[in-house]
There are 2 protein chains.
Amino acid sequence: MKISSRFSIAVHIVLTIAILGSKQKTTSDFLASCISVNPVVIRRILGQLKKADLVDVKAGEGGAFLIKNASTLTLFDIYQAVEVVEDISLFNSHKQPELKCPVDCSSCPRLTGSESEECLAQESCDDSSGESCCYIHNNIENHLFSAQKAMEDSLKETTIQKMILELSAL
Amino acid sequence: MKISSRFSIAVHIVLTIAILGSKQKTTSDFLASCISVNPVVIRRILGQLKKADLVDVKAGEGGAFLIKNASTLTLFDIYQAVEVVEDISLFNSHKQPELKCPVDCSSCPRLTGSESEECLAQESCDDSSGESCCYIHNNIENHLFSAQKAMEDSLKETTIQKMILELSAL
DNA sequence: TATTGTTGTAACTAATACAGTTACAACGAA
DNA sequence: TTCGTTGTAACTGTATTAGTTACAACAATA
């Protein structure tokens with residue numbers, strides 16, 4: 001499974017606008033030919049970037065422009081704008097073993113050697129709360145979310161300006 | 001877009017085996033009822049974990065056992081076993097703008113203000129190499145790969161033993 | 001040996017997501 | 001008014017996935 005290519009296309013769009021915007025009208029057709037994707041796809045992504053206030057697009061007139069400064073615009077901004085992950089969860093966790101905690105807890109794992117009869121796989125909770133009922137499940141989600149955070153933190157460190165400088169140095 | 005739920009199911013499987021394996025025959029049916037997914041899905045994932053030498057599964061007899069010690073078995077091992085990402089790329093990068101570098105480079109972005117006529121979007125390359133031809137594209141991929149690495153490093157830090165200890169402390 | 005419970009796997013379905021595409025109304029400038 | 005462009009809806013084809021049914025292979029055991 002892979003993450004949508006919207007993200008990498010969006011970054012390519014932003015970089016192209018940042019680099020060429022001042023000397024070239026960056027229409028969806030132009031960007032499409034640069035990046036080799038369909039113009040409608042470009043417009044769809046530009047719409048998302050616009051909605052996130054990262055770029056402005058001139059309807060009728062044509063062309064897109066950066067709103068957010070390249071020195072503060074990070075890959076994380078773009079990542080959020082194109083909704084790479086939904087519900088803030090990169091890892092598509094499976095459903096909770098039980099939507100509502102079963103009373104007898106007969107099928108839930110228990111900790112080996114534990115004196116307690118407390119079931120590891122659940123906690124007392126009311127089903128109205130959005131909270132998870134399974135300890136194991138919760139523990140897994142916490143660690144997966146940490147990993148996602150590490151990825152996002154890496155994206156936050158990369159500004160468009162930094163990338164342009166790297167490209168200039170080639 | 002989300003990553004396959006195989007990963008979180010696989011982690012749940014491993015944790016359940018690690019915690020209950022010594023006192024309970026962990027058949028695919030048992031695991032399925034614990035985790036609330038289909039037994040065939042469990043068997044498919046167990047097959048991947050077995051292939052990666054993380055667990056052993058007893059055909060006929062029934063039951064699965066950890067091969068790799070919980071203290072050295074990390075979430076990254078499981079992540080690799082279930083092939084969360086293919087071709088080591090989490091981010092589904094769009095295709096190279098051109099499979100083969102065009103001679104005139106007419107549609108490629110050039111750096112603003114650069115004296116050089118060198119095209120940013122490509123480098124001289126032969127199309128037989130698997131190497132990328134587009135500087136911008138390469139630069140994007142490098143940064144996305146760094147982000148992926150950060151996520152994977154986070155997974156490497158989490159052992160199954162650590163998770164079991166966390167669960168015991170509840 | 002026959003039975004039983006289980007694994008391994010193939011085949012199919014339904015759901016979901018996505019990029020590509022066509023079409024067209026709305027928009028702004030000349 | 002014309003022209004180039006954006007914004008968006010609608011549809012297609014492709015790909016992946018979980019769920020499901022079915023069944024052969026396997027091992028223990030009665």
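Lettering follows sequence order; numbering is per chain, from 1. Heavy-atom basis, side chains included; hydrogens, waters and symmetry copies ignored.
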Exercise for review: Determine whether B:L54 and B:L49 make a side-chain contact, defined as any pair of heavy atoms from C-beta on separated by less than 4.5 Å.
Suggested key: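 They are in side-chain contact.
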
Write down the distance between [atom1] ([X]) and [atom2] ([N]), rounded to a whole number of angstrom.
X     : N      : atom1 : atom2 : answer
A:K51 : D:dT6  : NZ    : C1'   : 17 Å
B:R6  : C:dT16 : CZ    : C1'   : 15 Å
B:F7  : D:dT17 : CZ    : C1'   : 17 Å

Check your understanding: Considering residues at least two apart in sequence or located in another chain, which fulfil the salt bridge (charged side-chain N to carboxylate O under 4.0 Å, His left out) criterion with A:K50?
Key ->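 Partners of A:K50 under the salt bridge (charged side-chain N to carboxylate O under 4.0 Å, His left out) test: none.
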
Point to revise | salt bridge (charged side-chain N to carboxylate O under 4.0 Å, His left out) partners for A:K162, two or more places apart | key: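 Expected list: none.
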
Exercise for review: Please report the shortest heavy-atom distance between A:R6 and A:V82, naming the atom on each side.
Suggested key: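 A:R6 and A:V82 have their closest heavy atoms at NH2-O, 3.0 Å.
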
Practice item. List the atom of A:S28, the atom of A:R43, and the distance in Å for their closest heavy-atom pair. Key: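 So the two residues come closest at OG-NH1, 3.1 Å.
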
Point to revise | Residue-phosphate contact under 4.0 Å: A:N38 side-chain N/O, C:dA19 OP1/OP2 | key: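 Looking at the OP1 and OP2 atoms of C:dA19, neither is under 4.0 Å from any side-chain N or O of A:N38.
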
Review point. Do A:D29 and A:T27 have side-chain N/O donor and acceptor atoms under 3.5 Å apart?
Key: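 No - no donor-acceptor pair under 3.5 Å links their side chains.
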
Point to revise | B/S/- contact track for nucleotides 5-14 of chain C, protein heavy atom under 4.0 Å | key: BBBBBBB---

